[in-house]
Every structure is written in C-alpha cells, then in structure tokens.
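Okay, so here's the structure we're looking at.
Values below: every heavy atom of this structure, side chains too, minus hydrogens, waters and symmetry copies. Within every chain, numbering begins at 1; the chains are lettered A, B, ... in the order of the sequence lines, protein sequences first and strands thereafter.
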2 protein chains.
Amino acid sequence: MSRHTIPRHQAIERHLRSRVAGLQPGDPLESDAELCALFRVSRMTVRQAAQRLADEGLIYRVPGVGTFVAEPKVHRDVGRLRSFTEEMALRGAAASSRLLVSEIRSGTHEEIAALQLPPRAKVTHVRRLRLADGKPMAIEDVVLPVSCAAVLNEDLEQGSLHEALQRLGEIPTRATGTQVAALAGPDDAKLLSIKVNAALLIERRLITNQNGLPLEKTETRYVGDEFVFHIVLSL
Amino acid sequence: MSRHTIPRHQAIERHLRSRVAGLQPGDPLESDAELCALFRVSRMTVRQAAQRLADEGLIYRVPGVGTFVAEPKVHRDVGRLRSFTEEMALRGAAASSRLLVSEIRSGTHEEIAALQLPPRAKVTHVRRLRLADGKPMAIEDVVLPVSCAAVLNEDLEQGSLHEALQRLGEIPTRATGTQVAALAGPDDAKLLSIKVNAALLIERRLITNQNGLPLEKTETRYVGDEFVFHIVLSL
DNA sequence: CAGTCCAGCCTGTCTAGACTGGTACGGCGA
DNA sequence: TCGCCGTACCAGTCTAGACAGGCTGGACTG
C-alpha cells in the first residue's frame, strides 16, 4: 500500500508471468478465486493483474472455463526504431546471438551506394543468428562503414550491437526500409530450425545516425509464424 | 443491469475516445469523479475505461492533478494509414477489385468484440481480390458494422471502399494491427494465381473513425514477393 | 510581502460483496 | 445407451464504499 511495498496486483502479475514462463500454451492457470485465496486479496485486485496480461496477449480468459497460457507470439512495434535486443527486453525475453560472420571486406556497389561511401571502400560485416530465450528467431546481416570496425571487438553474442555503436558515438536514430514475405531457403531453414520453404518476413533497413548520415544497412530474416509485427497507422 | 446492452465501461471508453479525438494533446479530460456522476456508475467502472486508454497511450493520468490527452504516439509521416487504392496510386498503378463476397451476416464473437458491437449484432462483410494494373496482389476481407451496410450499394469493383465510407460520414483515421508472414493455401493460390505454399504477407488492421470509434476490421493477404511494405522508423 | 500550512481534489490501490451468462460434468430417466 | 437437466464453477460486470499519497491554491502567519 505504501510506496515501500509494491502494489499487490503487481505481485500477482509477477506470479502469473513466471507461471506462464514455466508452462506450455493452453495450460490452465489458477482461477480468479484460487488467486484470491492464495494472495488473500479481493477479486478486483486479481482481475487487475490478470486483465493486464490478457490485454498483452500472454494469457487468455474464457468465461465458464478458466484462464490459460496463450500461444507465444513475439510482437514488435513498427514505427519506433528499436534494436532486436531492446525489442526482446520489452517482451520479457532474453536476446542473444550466435556470431556467424564478423569481418572487414570490400563493400558491394549496393552497400557503398546505400552507406554513401567512397568507391571501393571497405565495410564491416556482422552476420548473427538472433535468439529469444535461446530460440532462433531471425538471421541478421549488418553492414557498417569500416570506421565502425571497433564493434568487432565487442561481445556480439551477448551484447547489443546498437549499444556498442553508441559507445563509439554513433546513435542509431532513424530508419527507412521495406518488409516483404519470402520462403526459407536451405541455409535459412538450417539456421532457424525450420522447414525449407517455410514463411519468412524479411526486413531491410537503412539506419542513419544522429547527424542524418547513413550508419547501418541491415537485412533481417524473421521466422514468419513466430514473429508478429505490431503496427500503428494514422492519417 | 439490463442484459443485451454494451458494458458501461465500454460506453465510457467510447465517450473518452471521442473526447480525445476532439481535443488537443495536453487538454484535460473529466476527472474520475465527474465521469462517475455523468454515467451514474461507481469509480471502479470509470477506472476500467480510463486505465485501458492510458495503457494504450491515448491519455495519461497524473495523481493529484487529473487525466489528460497524450501526445500522438506515431509521427504523421510514420506509418501513414492508406487504403489499397491510395497505395497503388502512389506506386503509379491502377487499383481495381473482383468482388468475391458482399453480405450482411451475424458477426463472430471476435468481430463483435473488435468492433465493440452489442452481442449477436450483424456485420457487413466484403471480400475482394485486389488487383494492381489487372494483376492479382491481395485478398482483402473487410468487416464493418451493419450501420455501414450502405457501402454494399457502391461500386466496390472500381471504386474505393474508404471513399465510400467517407461519403457515409465515416472517416478512417487511425489503425492498429499486426503483420505476419505465412504460406498460401489452395484457395489463396487459386485466387492470386500463385503456387500453393508461396509466401504471403498477412496484415490485420482495426481501423477507427474520426471519433476514435471502431469502424473496420480488415485482413489482407498480400502476395509476398510482389508486395513490399515501405517503413519509416524513428527513435 | 513571503513563507507555511491545510483543505480539497486528484489518481492509485483495495475490499467484500453481488448478479450474469457461459461451460463442464455427473446423474437420472427414457 | 443416449439425452436432458441440475449443479458447481468460471470469468465479466458492477457497486459503494475506504485509505494513501501527490498536487494545487488559498488562507493564515510572521
């Protein structure tokens, strides 16, 4: 009640979150009445916690039946520039990576044009398998100017690339890009542990830094039926 | 409690949504106590409505001060709401449609909940194959309240549904939704002239009108390798 | 005039009930 | 065996209060 203790509905919310994390989709959770008894709390308080998780899509509630763990869908707010790491933290999942490629090589014409580099310039290339709570979610190819090569010294398996860039004074600020659906090839399938010809959602972004200069060219291949983009549109 | 009426907290939510739509960011809204008097309900009921809008980011509540209209979440240029017709015009293609279904039928629970209609309400359902320069691009399912049934009298093969809605005084203003990649089923493949198991990009949107009230629930299944979403992201 | 204090209003949190409509299931009768 | 029905349980909705803690503004004091 006082500010020294967390609200009870928050305690119940935590309890439910950890229950959800340890159960399978479709598994039943405690009923409202059971939670009331468990936390010695009135039903409105239990509902406040349960309703919030239901709104978030973590659980679903069926009148006359009970409360259940929902199918896990990873959501992503489109319209706000976030790194994979930030995105996962927002959803309560731990982001990690398996480093597949980290190299300095000559840029392709396309990369040089996109990043506005001089002809025949070298680029920094990082390819990572992105994991959420250890589960493969996407393959990410990042191309940076060679001036950002210092990020190769960072821990790119546990750490965030965007945070590493910020330590170099480069702040990813704005992005434009495209989204398109495609089929998984043999390489995609193997890395992402999915079937060949499964649906992928491919996002290509060109990110600019705080000065509006091209900073990063990224292609991310998301598992189509695991990753849901959340969109907000207005006139 | 009279049965077969919309919940009171939903009525209050509607009231607040239309208030928000007509005010500027930072403008104060009614206090909880005022809303209690206005709707002759208890405070828990008012809070249920207000808290939902606060969670959505439409309003913010400051203890000791009051409830206010929030800054719009999405920048004007980010995630513009456009109809298929507008989208195609932007790409220099002519949009047309083949009308597959146009009917008035009972809404599903999901549709009724999304559009905030009374239980067992009827809905207007339009399914069209969307073409760009005569080439199949997407299958679109639109569900509207039965009060918008007059759009069925319009030319839905050559004309724009959103323009028809505007002639009825309903202006599609804001949308939230999700995008996900999936594979084409036999029906999709036949209509879109693609192979079974080709990649699709599925967008689900819930569109609200100028008063912030739910207007349209849409699912659009785009041909994955023909349709590219352009995105703009910012910090 | 400046500073303090308090009363009144605001949202946050919570209680202990109530009624509704929906679902699941066991038992009873045909 | 099959169908019907009653009962128990479930979440949805709602009431009429309560206290805590933050904020504002006016009154009162020095």
- Between A:R19 and A:E30, does at least one N-O distance fall below 4.0 Å, as a salt bridge requires? yes
Excluding sequence neighbours, so at least two apart, what forms side chain to side chain donor-acceptor pair (under 3.5 Å) with [X]?
{"X": "B:T218", "answer": "B:E216"}
{"X": "B:T45", "answer": "none"}
{"X": "A:S160", "answer": "none"}
{"X": "B:N197", "answer": "none"}

- Could you list all the salt bridge (Lys or Arg N to Asp or Glu O under 4.0 Å) pairs where at least one residue sits in residues 31-42 of chain B, not counting sequence neighbours? B:D32-B:R43, B:D32-B:R61
- Report the residues that fulfil side chain to side chain contact (heavy atoms under 4.5 Å, CB included) with B:V196, sequence neighbours left out, ordered by chain and then residue number. B:A189
- Task: Pull out every residue in residues 42-50 of chain B that has a heavy atom closer than 4.0 Å to any atom of DNA chain C, ordered by number, or say none.
- Result: B:R43, B:M44, B:R47
Starting from [atom2] on [N], measure out to [atom1] on [X] and report it in whole angstrom.
{"X": "B:R8", "N": "C:dT20", "atom1": "CZ", "atom2": "C1'", "answer": "14 Å"}
{"X": "B:I6", "N": "D:dT13", "atom1": "CD1", "atom2": "P", "answer": "11 Å"}
{"X": "B:H109", "N": "D:dA11", "atom1": "NE2", "atom2": "P", "answer": "18 Å"}
{"X": "A:L35", "N": "D:dC9", "atom1": "CG", "atom2": "P", "answer": "16 Å"}

- Task: Among D:dC14, C:dT13, C:dG12, find the nucleotide with the atom closest to the side chain of A:P7.
- Result: C:dT13
Using residues 143-155 of chain B as the side-chain source, report each donor-acceptor pair under 3.5 Å to any protein atom, sequence neighbours left out, with the distance given to one decimal.
from	atom 1	to	atom 2	distance (Å)
B:E154	OE1	B:R167	NH2	2.8
B:D155	OD1	B:E157	N	3.0
B:D155	OD1	B:Q158	N	3.2

Set out, line by line, the N/O atom pairs under 3.5 Å between protein and nucleotides 6-10 of chain C.
from	atom 1	to	atom 2	distance (Å)
C:dC10	O2	B:G64	N	2.9

- Item | Closest heavy-atom pair and its distance - B:A121, B:I112 | N-CD1, 3.6 Å
- Message: What residues from residues 11-24 of chain B pass a heavy-atom cutoff of under 4.0 Å to DNA chain D?
- Response: none
- Message: If the condition is ring-ring contact (aromatic ring centres under 6.0 Å, His included), which residues does B:H15 pass it with, not counting sequence neighbours?
- Response: B:F39
- Item | Summary of ring pair (Phe, Tyr, Trp, His ring centres under 6.0 Å) pairs that have at least one residue in residues 45-68 of chain B, sequence neighbours excluded | B:Y60-B:F68
